[in-house]
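Read the structure below first, then the notes.
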Amino acid sequence: MVKANIQAFAAGWAAQAIRDAVPTEIDFAEAEISPADRVAAMRELERLANQLLAEALRLEAL
């Protein structure tokens, strides 16, 4: 089993990576995400980052 501090580190690192990685026009095109759906895609990335950050904070508190 992975230690909580390692899980916390990984979750925090992944959350920051999601926030730092801004998809380009090419990324959206390759994923076949229309211009109308790009805002929703960015919101989903932010939601995932927030979820990971919350998990990191929870694990750090253990």
Side-chain angles (χ1 to χ4, degrees):
M1 174 118 181
V2 178
K3 293 180 181 180
N5 67 324
I6 294 171
Q7 291 175 323
F9 171 80
W13 190 266
Q16 189 60 46
I18 289 172
R19 287 200 168 98
D20 290 345
V22 177
T24 65
E25 295 294 322
I26 293 171
D27 295 325
F28 285 124
E30 288 177 350
E32 298 180 359
I33 296 176
S34 70
D37 290 334
R38 290 178 185 173
V39 170
M42 293 300 293
R43 284 188 183 135
E44 180 61 10
L45 286 170
E46 183 66 20
R47 185 192 69 75
L48 290 169
N50 289 340
Q51 182 179 359
L52 286 166
L53 184 56
E55 179 67 3
L57 293 173
R58 183 189 73 77
L59 289 165
E60 287 174 357
L62 294 178

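The shown structure was predicted, so the numbers you read here are calculated from the model rather than taken from an experiment.
Other residues sharing the hydrophobic cluster of I6, ordered by chain and number and joined by side-chain separations under 4.5 Å: V2.
G12 and A56 make their closest contact through N-CB, 3.6 Å (heavy atoms, listed as atom of the first residue, atom of the second, distance). Smallest separation of non-hydrogen atoms from A49 and I18: CB-CG2, 3.9 Å.
Annotation: ring-ring contact (aromatic ring centres under 6.0 Å, His included) contacts of F9 (sequence neighbours excluded): W13. The side chain to side chain donor-acceptor pair (under 3.5 Å) test applied to R38 returns E25, not counting sequence neighbours. With sequence neighbours excluded, no residue forms a salt bridge (charged side-chain N to carboxylate O under 4.0 Å, His left out) with E60.
Listed by first and then second residue, the salt bridge (charged side-chain N to carboxylate O under 4.0 Å, His left out) pairs involving residues 5-19 are R19-E46 (not counting sequence neighbours). Under the salt bridge (charged side-chain N to carboxylate O under 4.0 Å, His left out) criterion, the residue pairs touching residues 50-59 are E55-R58, with sequence neighbours excluded.
Within a 6.0 Å sphere centred on CD1 of I26, other residues, nucleotides and ligands contribute 12 heavy atoms or fewer.
Of the possible donor and acceptor atoms, one in the side chain of D27 sits under 3.5 Å from a partner among the backbone N and O of T24.
Annotation: side chain of L45 is in contact with side chain of P23 (closest heavy-atom distance under 4.5 Å).
Both L52 and M42 are part of a single hydrophobic cluster, where members link through side-chain heavy atoms under 4.5 Å apart.
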